[in-house]
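What follows is a single structure, written as structure tokens, with notes after it.
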Amino acid sequence: MALNRDDQKSRSAIIALVAFFCLACAFVFPAPLHAATPGQVNLVRDATSSFDSYTANATPAQQQWIQAHYSSMRGYAPFFNQALRWAPPTDFYRDLYAIYREGSGTPPHENWILKDSSGRDLYIPADCNGIYCTQYAGDVGNPEFRHAWIAEAQERLAKGYRGIFVDDVNMTITVSNGAGTRVTPIDPRTGRPMTEENWRRYVAEFTEEIRAAMPTAEIVHNTPWFENQNDPYVRREIAAADTIELERGFSDSGLTGGTGTYAFNTLLAHIDWLHSLGKRVMIEPYIENESQRELNLAGYYLINTASDSLVTSYESDPDNYWPGWETNLGAALGPRYEWRGLLRRDFEGGFVLVNLPGSPTTTVALNGEYTTAAGAKVRSVQLSGREGVVLTAPLAPTGEAGAETPGQRPAEPPVESPAEPEPPAEPESPSSAESASPIAESSGSSEAAPASPEPPTPVATTPAPAPEATVGTTTLTGAVSGAHRVKVTIKIRHQTAAKGWRVARVLKVVTNPSGRFSKRVAGLKVGSYQVRARAAGHSIRLRTSTFTI
């Protein structure tokens, strides 16, 4: 994937042309997605290191399961190549302007790397240690850099991938020094500080060249959603893609209420605009708990046209799968609308509700028994700000006036019960570097355990179990393929009888010069554990992925 391999120096235009010709003859993409209606989920699995065991060793039964549950996948070449013969349609990951740092010597293709006014190398501002970051910032305006990028992409497509997931399609200058501090690079074509307009032009031209070189491939751009829609370069970039990915999704902590630049409703309006341009939308939230899981599912149903998709690694594996991803609400009965202070959209088989960030907690009666995506039977729901719920149709008609029957837009009975407003979060401007960088993968991490939803009706309580003893210690070891001094995020999940699998620890470790890492973990409770690790753009080998204390 890196642009600085020696074999790229000898790649000829003839080989690239032959590879592209074979690709065009053998594959007709993009393939249709699975969902038949807006009330179903097109689930996409990002095959990061946590998925490596399936990529390399999936059984025939697991392969069939994956084909049945994922509409498509995102793979990391060349490691994922081994799964292409059985995997669903897969796009390979490629950063738009990253040149991965290898070793401490003189970087290859030095003239492809952006420099500051003193001639120092610049980086993509992520995974920085104060001296350097793991990815140099490539010059998106350099024709040689673009040619090599496209030639390598064509070569990978010829292996059998459906298309390309292009990360870091940033329409603002997003480069830094080794400490991660933003720096304006010198434009090699003018010898002066690069202007934002020239940067946007270079990105737009580059994405257009990618589109022209691979016209039949599925092309996904991960680009910030809050860019100026009227900018001609932004429009050209979007026109060069089939699908626009919106990272962080509907649980992004920077989203606010109201109608400001970073408002939840502004995000929804942007999605409507992308749909009006004929673009599919890919939602990739960082889901860390059950509340965020339900919110993102409900938000997805608010906008889904049946061709949009949802990317998540949260409870989406063959051995740890949330049945709510299979919720089928059927055909949409119209667009979303405001209802009792909430956002709502109706379907043949139910409806969804979302309470905006900063809004007061609201309770609504449903006049019928509905089933949530989590499987709970409810006759009322209570939503705090930044929460959502997916409700399938009543189990049986109640005959009550004003019942929430699918297909009939409900009246506005006075059943709203506002509570104390949620304290507004400090507005967090989503950063294009954070929201579209290769180290910000879809598998978010958090040590906070999700709160159990309050039952809609009184239920008998059972005594809380005695606290588990803290007695265990283990050491986790592994290696990152083809890289060193790389930051690795390790997530440890603990299985309990009461709550199933829950995140117990999230750890950070940097590999040694040989690419290996070791982490001692103490104070673990008795039970079974799963281990997952990720490092952006790299494959990871864990010595063990499960253990028992």
Side-chain angles (χ1 to χ4, degrees), residues 1-3 5 8 11 16-17 19-24 26-33 42 44-48 55 70-81 83-84 87-100 124 135 138 140 145-171 202-223 236-247 279-282 284 307 309 311 436-438 440-442 536-539:
M1 185 162 82
L3 291 169
R5 294 177 182 169
Q8 287 182 340
R11 183 181 294 116
L17 181 61
F20 175 60
F21 177 79
C22 294
L23 168 70
F27 305 103
V28 181
F29 292 128
L33 297 175
N42 289 310
V44 180
R45 182 58 164 94
D46 186 8
T48 54
T55 299
Y70 303 153
S71 65
S72 63
M73 297 188 69
R74 181 185 306 153
Y76 295 81
F79 182 76
F80 195 85
N81 294 2
L84 288 173
T90 302
D91 302 331
F92 67 85
Y93 176 97
R94 192 78 167 90
D95 192 278
L96 185 69
Y97 62 106
I99 301 174
Y100 290 92
I124 291 179
Q135 301 157 98
V140 289
F145 173 81
R146 294 179 185 177
H147 174 77
W149 193 106
I150 290 171
E152 184 171 295
Q154 290 173 327
E155 184 179 278
R156 290 187 177 178
L157 279 172
K159 301 292 185 183
Y161 288 94
R162 177 185 68 171
I164 318 170
F165 173 83
V166 187
D167 203 358
D168 271 340
V169 185
N170 298 322
M171 297 305 287
Y202 298 148
V203 171
E205 292 171 344
F206 190 10
T207 57
E208 288 171 337
E209 289 180 17
I210 295 168
R211 172 84 282 172
M214 290 162 278
T216 61
E218 164 78 359
I219 295 181
V220 182
H221 287 178
N222 182 1
T223 187
R236 286 170 58 181
E237 170 266 312
I238 290 174
D242 299 294
T243 301
I244 302 298
E245 192 212 43
L246 304 176
E247 197 171 358
K279 304 303 174 183
R280 295 189 286 267
V281 171
M282 179 178 286
E284 183 168 6
S307 62
S309 53
V311 187
S437 72
E441 295 178 346
S442 62
H538 300 286
S539 296

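Keep in mind it's a predicted model, so treat the numbers as computed, not measured.
- M73 approaches P88 most closely through the heavy-atom pair SD-CD, 3.6 Å.
- The shortest side-chain heavy-atom distance between E209 and H147 does not fall under the 4.5 Å cut-off.
- The closest donor-acceptor contact from the side chain of D91 to the backbone of G163 lies under 3.5 Å.
- Side-chain atoms of D46 and Y93 form no donor-acceptor pair, as typed in the model, at a separation below 3.5 Å.
- Counting heavy atoms from C-beta outward, T243 and F165 have side chains that stay 4.5 Å or more apart.
- Shown here for R162 and P89, the closest heavy-atom pair between the two residues is CD-CB, 3.7 Å.
- Between K279 and H221, the closest side-chain pair of non-hydrogen atoms is not below 4.5 Å.
- Contact between D95 and Q135 at its shortest, heavy atoms only, is OD2-OE1, 4.4 Å.
- In this structure, T90 and R74 approach most closely via the heavy-atom pair CG2-C, 4.0 Å.
- To the nearest 0.5 angstrom, I210 atom CD1 is 5.5 Å from L96 atom CG.
- A donor-acceptor pair is defined here as one N or O able to donate and one able to accept, closer than 3.5 Å; no such pair exists between the side chain of W149 and the backbone of Y97.
- Counting only distance, with no hydrogens or angles, the side chain of R146 and the backbone of V140 share a donor-acceptor pair below 3.5 Å.
- The OH atom of Y76 lies 14.0 Å from the CG atom of N81; values are rounded to the nearest 0.5 Å.
- In this pair, Y161 and F80 present their aromatic rings tilted. The plane angle is within the 30 to 60° band.
- Considering only heavy atoms from C-beta on, D242 stays 4.5 Å or farther from M282 through its side chain.
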Quick one: do I244 and T223 satisfy side chain to side chain contact (heavy atoms under 4.5 Å, CB included)? Show the steps, please. CA-CA 7 Å; I244 302 298; T223 187; 3.7 Å; yes
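- F79 and T55 get closest at one heavy-atom pair: CE2-CG2, 3.7 Å.
- R45 forms no cation-pi arrangement with Y70, by the criterion of a distance under 6.0 Å to the ring centre and an angle within 45° of the ring axis.
- The two residues V44 and S71 come nearest to each other via the heavy atoms CG2-OG, 3.9 Å.
- Rounded to the nearest 0.5 Å, atoms CG (L157) and CD1 (I164) are 5.0 Å apart.
- Taking CZ from R211 and CD from E208, the interatomic distance works out to 11.5 Å, rounded to the nearest 0.5 Å.
- Exactly one residue among T207, I238, N222 makes a side chain to side chain contact (heavy atoms under 4.5 Å, CB included) with V169. That residue is T207.
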